[in-house]
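Just follow the structure's listing: the first ligand is 1, and inside any ligand the first atom is 1.
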Amino acid sequence: MRVHLNTAGAGLMPAEVVDVMADHLAQEAAEGAYETELRHADTLDKGVYEALASVLDAPVDDVALFDNATRAWSSAVGALRLTGTGRVWITPYEYAGNLILWTELRRRTGLRVEVVPLTPSGDLDLDWMRRNIREDVAVVSVPHVPSGCGIVNPVEEIGRILAPWPCLYLVDACQSVGQLDVSVRRIGCDLLTGAGRKFLCGPRGTGFAAIGPRLRAAATPLFHDLHVADVTALHDYEVHTDSARRFEYAERSAAAVRGLDAALRHHLARTAEPGTGHDARAAIRDAIAAVPGTRLIDPGTRHASLVTFVCADVSAARIRAELAARGVSVWVAQGNHTPLYLPGQGVDHAVRVSPHHYTSPQDTEVFARALREVIR
Ligand SMILES: Cc1ncc(COP(=O)(O)O)c(C=O)c1O
């Protein structure tokens with residue numbers, strides 16, 4: 001059995017997720033895809049949205065499905081009516097894809113993009129935020145957990161700081177939904193985005209967002225698809241919902257959506273049960289720290305199940321390959337995917353180790369042993 005420590009890439013799908021998707025594809029092949037969709041309309045049009053709303057602790061009208069987290073993010077953020085007078089706050093932990101969109105919006109509108117500073121510990125400087133927040137801050141964008149290191153940013157506390165102000169608050173929860181208790185209601189954000197395939201252990205090709213009413217009111221999507229809009233005249237169309245679904249496209253992989261539904265339900269059932277008590281993150285962190293020559297990339301005071309490190313003598317690519325040869329799957333995090341933080345730490349590639357609830361004490365022991373063999 002392989003030891004899978006790449007949940008931050010894609011988690012291992014539970015059997016019921018695989019079964020429901022295989023079954024869906026078999027039905028499509030036998031009966032036709034539209035006919036199969038009709039048969040499962042209850043899940044596809046309702047059940048999956050209710051499950052997602054429940055996992056995110058968000059109103060069901062606010063949730064929408066996409067084919068990945070970046071599509072969710074760019075569909076909502078790209079539709080914002082931003083002007084050159086607005087300031088956008090991002091953090092050094094911003095994901096590169098999100099940053100590309102900010103750069104494009106800056107080029108188009110002239111808005112100012114500012115980076116919230118860090119304290120010496122690597123935490124976001126919340127006092128700086130309290131002191132500097134003003135009416136002209138139009139948007140604040142925070143990743144709950146970044147792509148390239150395991151800091152957990154205090155998104156609920158930031159939400160409380162921002163609550164009295166008019167800015168929109170966006171949270172990239174791609175690496176946190178499924179591993180941390182994420183509540184849109186408690187965070188108080190206007191947008192929260194994520195991917196199905198990571199800590200939710202759903203299929204690839206699924207992403208989602210909670211798009212709150214304030215963001216919906218501040219956005220004009222360039223396009224509305226036919227599940228939410230009707231052409232009414234040569235020069236007119238009507239959108240017949242204000243729900244977040246108006247940011248979606250109509251066509252999608254129904255098998256993947258049903259797989260996501262199964263993953264969401266599996267997550268809800270699993271998190272209702274007591275955990276095993278095994279702190280895989282701590283075991284992995286200790287195992288890395290015990291190997292001479294390694295450097296943990298470990299900023300901040302709160303940490304998620306995502307540990308990155310570099311080694312002076314052995315490249316991240318080599319460590320990944322050597323661990324893979326010993327049955328242990330980890331991944332290489334590219335510094336330029338967290339471009340405002342990792343390169344400044346002298347990191348262009350790091351080894352990323354991301355366990356999940358399925359990681360046993362034996363798994364972390366296998367990792368520790370293999371790592372000691374690879375880095376001597
Ligand atoms: C923090 C973060 N945001 C966004 C994304 C983009 O997700 P996707 O690949 O589903 O578009 C990732 C992907 O790894 C990520 O780690």
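Remark: ligand 1 and Tyr95 share no N or O pair separated by less than 3.5 Å (distance only, no angle test). Between Asn98 and ligand 1, not a single N/O pair is under 3.5 Å apart. Checked by distance only, ligand 1 and Ala69 come closer than 3.5 Å through their nitrogen or oxygen atoms.
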Could you go through the side-chain contact (heavy atoms from CB on, under 4.5 Å) check for Val353 and Phe309 one step at a time? CA-CA 9 Å; Val353 191; Phe309 71 97; 3.9 Å; yes
Determine whether Arg160 and Glu157 satisfy the following criterion, salt bridge (Lys or Arg N to Asp or Glu O under 4.0 Å), listing intermediate values before the conclusion. CA-CA 5 Å; Arg160 287 192 288 277; Glu157 202 175 339; 5.0 Å; no
Candidate pair Arg369 and Glu373, rule salt bridge (Lys or Arg N to Asp or Glu O under 4.0 Å), full reasoning: CA-CA 6 Å; Arg369 215 176 315 124; Glu373 283 175 23; over 6 Å; no
Passes side-chain contact (heavy atoms from CB on, under 4.5 Å), Met21 versus Arg258? Steps please. CA-CA 7 Å; Met21 291 176 71; Arg258 280 193 65 209; 5.7 Å; no
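Considering only non-hydrogen protein atoms, atom 11 (O) of ligand 1 sits nearest to Thr70 OG1, 2.5 Å. Given atom 9 (O) of ligand 1, the protein heavy atom at minimum distance is Arg197 NH2, 2.8 Å. For atom 1 (C) of ligand 1, the closest heavy atom belonging to the protein is Asp172 OD2, 3.5 Å. Nearest protein neighbour of atom 16 (O) of ligand 1, counting heavy atoms only, is Gln175 NE2, 3.0 Å.
Between the side chains of Thr7 and His356, no donor N or O sits under 3.5 Å from an acceptor N or O. A donor-acceptor contact closer than 3.5 angstrom is absent between the side chains of Asp125 and Thr119.
Of all the atoms in ligand 1, the ones that sit under 4.0 Å from a non-hydrogen atom of Ser147 are 1 (C), 16 (O). Close contacts of ligand 1 with Cys174, meaning ligand atoms under 4.0 Å from a residue heavy atom, involve 2 (C), 3 (N), 4 (C), 5 (C), 7 (O), 12 (C), 15 (C). Counting the atoms of ligand 1 from 1 in the order shown, those under 4.0 Å from a heavy atom of Asn68 are 10 (O), 11 (O). Each of the following atoms of ligand 1 lies closer than 4.0 Å to a heavy atom of Ala195: 10 (O).
Counting only residues at least two apart or in different chains, salt bridge (Lys or Arg N to Asp or Glu O under 4.0 Å) contacts with residues 23-38 comprise Glu31-Arg39.
The closest non-hydrogen atom to atom 14 (O) of ligand 1, taken over Lys198, His337, Arg352, comes from Lys198.
Of the listed residues (Val140, Ile90, Leu215, Ile211), just one forms a side chain to side chain contact (heavy atoms under 4.5 Å, CB included) with Leu170, and that residue is Leu215.
With contacts defined as side-chain heavy-atom distances shorter than 4.5 Å, the pair Ser305/Phe199 qualifies.
Put simply, no part of Arg71 is less than 4.0 Å from ligand 1, judged by heavy atoms. The shortest heavy-atom distance from Thr338 to ligand 1 is not under 4.0 Å.
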